[in-house]
Amino acid sequence: MARPEDLDPVLAELATRVTKALEAAGLPAADPEFERPRQPEHGDWATTVALRLAKPARRPPRDIAQAIIDHIELPEAVESVDLAGPGFVNFRLSHAYFEEVVRTVVAKGDAYGRRQRDAGQREMINIEFVSANPTGPLHVGAGRWAATGDALAELLAADGHGVVREYYVNDAGEQVRRFGESIVLVARGEELDDDHYRGEYIHDLAREIRLEFGEDFFTVGDGIHFPEDQPITGELSIRRVRERAADGPHDAAAEERVEPSLAAKIGEIGVRKMRDHIADVLRAMGVEFDVWFSERVMHDQGAVEQTIEDLRAKGETYEEDGALFLRTTTYGDDKDRVLVRSDGRPTYFAADCAYFRDKWNRDHTRLIYLLGADHHGYVGRLKAAARSLGIPQDRLEIRIGQLVNLLRGGEPVRMSKRAGELITLDEVVEEVGSDVTRYHFLRQSLDTTVDFDLDEVVKQSMENPVYYVQYAFARINSLIRLADERGFAHGELADADLGLLTAPAEQELVRKLAELPGVIADAAELRATQRLTRYAEELASSFHRFYTECRILPSDDLADDERAAAEELGRARYWLAVAAKQVLGNVLAILRVSAPERM
RNA sequence: GCCCCCGUAGCUCAGUGGAUAGAGCACCGGCCUCCGGAGCCGGAAGCGUAGGUUCGAUUCCUACCGGGGGUACCA
């Protein structure tokens, strides 16, 4: 957890003073950890160091706390200190401290809350997410990884790290051939087998390819020539998709039905189209990847073979029954994994290893994988593979997110084999919007299974928390707009007397503004986007209360003697509102949820 | 069988060792002469069970109960 004293010089100073007080009181040295008390009556910061010290010092915690209080020299920004409960030492910050917060927010602007790190503290993080196979449209669950991965990336950047967003495209191998074969068979009007991809989108692809390349494309076979630089264009209209048949036994006969090279070629084209479509959908959700990493290119460049050779040379492999195994059990995996099948073809796991090597060689200091719970079984072998390749254990981080239940009116949307109707992500985004979709996913912990009820999300859209937050933002804008229209003389922040902000609602709001740096640091460290959405809701709530209780612009019907005071107070409140807008805007920017001027 | 996640208010979820466990929805009662009522204020209601560690456990450990997912020379 980020230490508050690393983020705030005042806290750092206070930590020093506590340490000195311990020394002056003849107590053992200890790290004074600070936390924010839940109850406002308990002050702004508390340390539990007296409770921790009770045992080693063999004195009652309250005595120790009192000794600290007796010996401490308070920094100027700390107004008071007191002893409470079993031995808490509570500190209350001065009003001047919070006035400074408002000034800092306005001065730093978009940078407020973000962390600057020294070169030594700064990581170069690669975060891989979504990476859905480009053999079909994205389902709703992928939306969760899109929203969460993207916001986490933004959060890590805000925490001062370098970040690369990456999508691994499985565009090689057996599944591409099978995908291409599915398209060809559909184009020829032939029956599909159980292990073929099926769905309206396969028909769409077949139709499109026919339009672009001609009817012969599906019948000529191996002899056909494909110009490498042929532009692939055309709108893909994917709507209702029948679920592809899965889990079927591998049917060797299916391989003979379409010439392998033709199937592979068509599959390649289909994959490119699907990948473009996926990129479009993700873009509609505000997600832009820095790297689309092609598995096929990696194979073409011999990186997979090279990696297998490296592993063999390092003595991490052995042969058995004609297959080459990687000894992943050495590194805690349940069983050793096949790198090269007995028929000589490398497995996908071999490609995963090569991909690891490539990523690590790109000078990242940390590799984050965001995977769904359905891939939980891969974690052991991925970690083992990374270690086999010499990637330090603590540099690879695999986050498992629980799955999304797609519901309609409280009933699960069936995903049965043939008849099941699957709702794609682009349909959802189109129907409920990117902001609602993202926010819904970002609000929940990765450890929680999310229910995404199409009816509820649409029906409740007007009472969705995202609107509560956006409404607060729009409301502040409206206020500032109105101030301008009325010619309210808000002057410069430097001239405003922020000392006038003493009402409870004002204090609460300013304190909330002061929390942002810590919230960002903790959320980034815990990889927990829900910390930010909660904070956004709390901040919006604080603003709404402030707005309700505190008149900002002076009323029209004031006597002259009241007017001057009201305007003075109004100026201070105006700048508080400006700071609130800045902070709320900064949070929404990290979440990549829009901050509307009006709604 | 083994592995992972979850069990907190009527419902959906926050809270990864601290003080009186918090939001939203739903329910009940208040607040519009003036800046956006998509708002504000108040009320009722909860840590699956049993042990353990600790000054202190919703949080960490063990067992059990209940729900979800995973356990391929698949891709």
Side-chain angles (χ1 to χ4, degrees), chain A residues 1 33 35 37-39 41-42 46 48 51-52 54-55 60-61 84-88 90 133 135 170 172-179 195 246-250 320-325 334-335 337-343 345 347-349 351 372-380 400-403 405 440 443-451 453 456 460 462-465 467-468 470-472 474-483 485-486 488 505 526 528 530-531 533-534 537-538 540-541 543-557 570 573-574 577 598-599:
Chain A
M1 202 73 120
E33 293 171 31
E35 59 187 42
R38 282 210 194 86
Q39 267 66 37
E41 314 87 81
H42 293 142
T48 56
L51 293 160
R52 294 175 207 289
K55 200 168 202 181
F88 293 96
N90 294 336
N133 286 342
T135 48
N170 289 116
E174 170 63 16
Q175 64 169 349
V176 173
R177 188 200 60 76
R178 200 188 295 169
F179 181 51
D195 57 352
D247 305 325
H250 185 65
E320 192 175 293
D321 301 333
L324 186 71
F325 284 75
D334 302 332
K335 58 167 103 166
R337 306 291 170 172
V338 175
L339 284 172
V340 183
R341 298 180 182 93
S342 46
D343 64 5
R345 296 176 359 228
T347 60
Y348 270 73
F349 177 62
D374 51 342
H375 288 83
H376 149 255
Y378 296 109
V379 173
I400 298 296
Q402 298 304 306
L403 302 178
N405 292 325
H440 184 78
R443 262 188 120 222
Q444 270 164 285
S445 153
L446 275 178
D447 289 338
T448 306
T449 303
V450 172
D451 287 335
D453 192 313
E456 288 300 303
Q460 291 189 350
M462 291 316 253
E463 55 202 33
N464 190 305
Y467 292 107
Y468 178 79
Q470 290 182 319
Y471 177 64
R475 213 177 190 190
I476 304 174
N477 269 294
S478 165
L479 175 67
I480 291 171
R481 200 185 310 124
L482 187 71
E485 283 168 15
R486 289 194 187 175
F488 175 65
L526 296 168
Q530 76 276 11
R531 296 250 171 172
T533 55
R534 294 282 158 178
E537 289 161 36
E538 289 165 16
S541 171
F543 176 79
H544 283 311
R545 189 157 96 91
F546 161 68
Y547 185 90
T548 302
E549 294 182 12
C550 301
R551 170 103 205 157
I552 291 110
L553 304 178
S555 318
D556 308 327
D557 51 352
R573 287 175 170 171
Y574 172 88
R598 316 166 186 261
M599 7 186 343

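Order of the sequence lines fixes the chain letters, A, B, ..., with proteins taken first and strands second; residue numbering starts at 1 for each chain.
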Asn90(A) (side chain) and A19(B) (base): donor-acceptor pair under 3.5 Å: yes

Donor-acceptor pair under 3.5 Å, Thr448(A) side chain vs C13(B) base: no

First encountered from the 5' end of RNA chain B, between Tyr468(A) and Arg598(A): Arg598(A)

Looking at every strand, decide which applies to [X] at a 4.0 Å heavy-atom threshold: base, sugar-phosphate, or nothing.
X         : result
Leu482(A) : sugar-phosphate
Ala54(A)  : nothing
Arg545(A) : sugar-phosphate
Asn405(A) : nothing
Leu403(A) : sugar-phosphate
Thr347(A) : nothing
Ala46(A)  : base
Pro86(A)  : nothing
Ala483(A) : nothing

Pi stacking test for Tyr471(A) and G36(B): under 5.5 Å apart, planes under 30°: no

Centroid distance under 5.5 Å and plane angle under 30°, His42(A) vs A19(B): yes

Rounded [atom1] spacing from [N] to [M] in Å:
N      : M      : atom1 : result
G51(B) : U16(B) : P     : 26 Å
A23(B) : G15(B) : P     : 15 Å
C13(B) : U8(B)  : P     : 9 Å

Main-chain N/O of Asp453(A) paired to Asp451(A) side chain as donor or acceptor, under 3.5 Å: no

Side chain proximity check, Thr548(A) to Arg545(A), heavy atoms < 4.5 angstrom: no

Exercise: do Gln175(A) and Asn133(A) side chains pair donor with acceptor under 3.5 Å: yes

